[in-house]
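Okay, so here's the structure we're looking at.
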Amino acid sequence: MSFDNAYESLIDHEDTHWAFGTGFSEALAGVDREVPDVDRADLAAYCLMLGDDALILSHRLAEWCSRAPELEEDVALANIALDLLGQSRLLLTRAGEVEGEGRDEDALAFLRDERDFRNVHLAEIECGPFAGGDFATTNARLLVFSAWKIAQYSRLRSSADPVLAAVAAKGLKELAYHRDHAAQWVVRLGDGTDESHRRMRAGLERVWPFLDELFTPHPVELRLAGVAVDPAELRSEVDGVLDAVLSAAGLERPVDVPAARVNGLAGRDGVHTEAFGYLLAEMQHLHRSLPGAKW
Amino acid sequence: MVTKTGTRTALEVAAQVRDPELPVLTLADLGVLRDVTEEDGRVSVTITPTYSGCPALDEMGADLRRSLLEAGFSSVDVRMSLSPAWTTDWISEDGLRKLREAGIAPPSRLGPREAGPVPLNLVPPSRRVPCPRCGSFRTSELSRFGSTVCKSLRRCADCAEPFEHVKEI
């Protein structure tokens with residue numbers, strides 16, 4: 001069957017559409033899912049780390065929808081959020097199946113509490129549109145995040161886990177667009193008016209304390225040799241990209257003063273910033289109020 | 001038992017299903033239909049997503065299942081393949097022509113790429129994208145991200161019309 005227009009395909013048949021919980025949505029059906037010979041709990045934890053990074057930044061970017069400085073940016077940030085959401089669905093599905101306790105992507109996204117999330121703080125901090133940031137800050141965060149993810153995913157393409165390797169190879173092409181988008185805004189604002197320069201610099205200073213965590217290895221990452229990437233290896237590549245963008249933007253690199261950790265712990269250990277609980281309340285509210293809701 | 005006629009018919013049916021977001025293209029034109037096999041009336045179809053978050057993927061699976069069941073096959077198993085990752089180079093020549101005729105600028109061919117570092121573009125790449133309406137090359141990018149994640153928005157300086165461009169990936 002084919003349809004004369006896109007809308008015809010949306011009506012008058014049995015499936016529910018365009019949301020989680022459709023009949024077809026087993027995110028990894030048919031994909032090579034062999035589990036490499038490593039500790040399963042470690043592999044599941046690593047997939048959660050990567051899946052949570054993408055999920056939480058996706059949520060933050062989606063908050064801009066209808067609030068960006070121009071319509072094109074509403075659309076751009078929502079599209080970037082959608083790419084990250086897609087990556088996170090695959091990664092959370094993988095985490096759930098490797099864990100083997102029957103949790104699917106929805107259970108992991110909507111039914112975990114704050115201390116069970118493993119994303120880095122950079123993904124969760126307030127960078128606008130609400131208090132604590134603005135559009136310049138959001139682009140500073142997106143630049144740092146996507147430059148770091150590109151370095152990580154480039155290496156993950158040769159991971160011994162076939163799902164991680166496939167998600168990384170695919171996601172890398174999407175992240176290249178995200179990084180370019182953010183980099184071009186950082187240059188435009190940094191090299192713009194006195195006001196845009198001032199706000200871009202403030203945005204960089206807001207996110208810079210969260211760089212250090214990106215390159216601090218967690219024991220799980222170090223135990224998964226051949227599967228995971230040691231984040232300490234990524235620093236020089238990411239620094240090179242950030243320096244190139246800042247130089248083109250006429251902006252100075254902020255001083256590296258890492259954000260404080262709690263007893264040496266941070267996002268990868270489930271220790272989060274104050275803003276995170278509010279984020280989860282918003283993100284999980286519907287699913288927890290109406291379990292299994294479809295729309 | 002595999003019947004060759006059956007396989008061809010299942011492939012023919014699957015290849016005619018249209019993309020929900022770019023309905024001028026069939027799934028075969030778009031290059032997302034990766035494999036169709038059939039045995040004793042049971043069909044297995046493998047598709048690949050364009051982008052990781054493509055919301056049309058579930059709809060494609062539902063349309064494939066429904067079309068094949070209506071064509072008389074007894075069961076349909078829709079599977080997903082992630083690797084190798086989809087590229088706009090998989091859109092058929094026919095697909096490029098159909099896009100152009102629908103007023104959407106088709107992607108240019110990227111060709112084989114090396115697995116080296118991802119190049120950083122500090123200005124939008126000055127790719128020459130002709131206007132699908134008047135053919136002028138005097139076009140510029142308005143936004144890298146358009147109405148769907150696979151398209152950017154451009155404008156033609158000669159006929160002054162905005163148009164969408166399926167961006168290369």
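Given the structure is predicted, the values throughout are model-derived calculations rather than measurements. In what follows, every heavy atom counts, from backbone to side chain, and hydrogens, waters and symmetry copies are set aside. Chain naming here is simple, since letters A, B, ... match the order of the sequence lines and numbering starts at 1 in each.
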Aromatic ring pairing B:Phe145/A:His181, orientation class (parallel under 30°, perpendicular over 60°, tilted between): perpendicular
Exceeds 12 heavy-atom contacts within 6.0 angstrom, atom CZ of B:Arg34: yes
Residue part contacting chain B, namely of A:Leu85, when any heavy atom lies under 4.5 Å: neither
Interface moiety of A:Val241 toward chain B, non-hydrogen atoms closer than 4.5 Å: both
Contacting region of B:Thr26 [heavy-atom separation from chain A under 4.5 Å]: neither
Salt bridge A:Asp230-A:Arg155, side-chain N to carboxylate O under 4.0 Å: no
Max heavy-atom pair count under 4.5 Å with chain B, selected residue of A:Gln184, A:Glu237, A:Lys173: A:Gln184
Residue A:Leu77 versus chain B: region with a heavy atom under 4.5 Å: neither
Interatomic distance, A:Arg94 atom CZ to A:Leu108 atom CG [nearest 0.5 angstrom]: 13.5 Å
Closest-packed option against chain A by number of heavy-atom pairs under 4.5 Å, given B:Asn121, B:Leu142, B:Leu22: B:Asn121
Part of B:Pro119 within contact of chain A (heavy atom distance under 4.5 Å): backbone
Pick from A:Gln87, A:Glu73, A:Arg157, A:Glu174 with the largest number of heavy-atom pairs that fall under 4.5 Å of chain B: A:Glu174
Between B:Pro84, B:Pro49, B:Ser44, the one whose heavy-atom pairs under 4.5 Å with chain A are most numerous: B:Pro49
Expected output: side-chain B:Ser52 to main-chain A:Gly171 donor-acceptor under 3.5 Å: no
Part of A:Ala249 lying under 4.5 Å from any heavy atom of chain B: neither
Atom pair CH2/CG of A:Trp185 and A:Leu142 - distance to nearest 0.5 Å: 12.5 Å
Flag, side chain of B:Glu168 to backbone of B:Ser108, donor-acceptor distance under 3.5 Å: yes
